[in-house]
S.K.: 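Sharing a structure with you now.
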Amino acid sequence: MSDKFSFFPPDKLQKWHEGIKQANRNNIFCHCRSCGYEWIDSTFDVTCVECGSKDVESISSWQFPDD
């Protein structure tokens, strides 16, 4: 990622990226499009543990309100 167009100094940008990684920890909702299995994970590039499909939709669940 190029810092050329960044609004943040490199150290602040790195802290921001680390904050996003921490927010995603155990907060990524995964839905297998092949078999319908759903689970919570910490990474986006996952394989379904039920059927082995790589066709998985992953959404950062911390982005949605609790109510």
Side-chain angles (χ1 to χ4, degrees):
M1 180 173 160
S2 172
D3 291 331
K4 182 177 179 181
F5 299 106
S6 176
F7 293 105
F8 300 105
D11 61 325
K12 298 236 188 244
L13 187 60
Q14 182 179 357
K15 285 183 181 180
W16 182 77
H17 282 286
E18 290 300 319
I20 295 295
K21 283 183 191 176
Q22 183 63 32
N24 281 338
R25 189 173 202 174
N26 297 319
N27 274 314
I28 299 173
F29 173 76
C30 300
H31 169 80
C32 178
R33 292 182 180 113
S34 295
C35 73
Y37 186 69
E38 297 176 341
W39 71 99
I40 301 295
D41 213 299
S42 294
T43 58
F44 287 98
D45 187 25
V46 294
T47 301
C48 179
V49 296
E50 289 293 306
C51 72
S53 174
K54 295 288 278 174
D55 189 12
V56 176
E57 177 182 21
S58 302
I59 303 169
S60 295
S61 59
W62 57 264
Q63 296 180 54
F64 301 100
D66 290 334
D67 51 43

S.K.: Regarding Asn26 and Ser42, is there a side-chain donor-to-acceptor distance under 3.5 Å anywhere?
M.R.: yes
S.K.: Using a strict threshold of under 4.0 Å (side-chain N to carboxylate O), is an ion pair present between Glu18 and Lys21?
M.R.: yes
S.K.: Has Arg25 got more than 12 heavy atoms of other residues, nucleotides or ligands less than 6.0 Å from its CZ?
M.R.: no
S.K.: Taking only residues two or more places apart in sequence, or in another chain, which ones meet Asp11 in a salt bridge (charged side-chain N to carboxylate O under 4.0 Å, His left out)?
M.R.: none
S.K.: Could you pull out all residues at least two apart from Val46 that satisfy side chain to side chain contact (heavy atoms under 4.5 Å, CB included)?
M.R.: Cys30, Trp39, Asp41, Thr43, Val56, Ser58
S.K.: Is the shortest side-chain heavy-atom distance between Cys35 and Ser53 below 4.5 Å?
M.R.: no
S.K.: Does any N or O in the side chain of Thr47 come within less than 3.5 Å of the main-chain N or O of Lys54, such that one atom is a donor and the other an acceptor?
M.R.: no
S.K.: To the nearest 0.5 Å, tell me how far Ser60 OG sits from Phe44 CZ.
M.R.: 3.0 Å
S.K.: Under a 3.5 Å threshold, yes or no: a donor from one side chain and an acceptor from the other, between Glu38 and His31?
M.R.: yes
S.K.: Any heavy-atom pair between the side chains of Cys32 and Cys51 that's under 4.5 Å?
M.R.: yes
S.K.: Using 0.5 Å steps for rounding, measure from the CD1 atom of Ile28 to the CD1 atom of Ile40.
M.R.: 9.0 Å
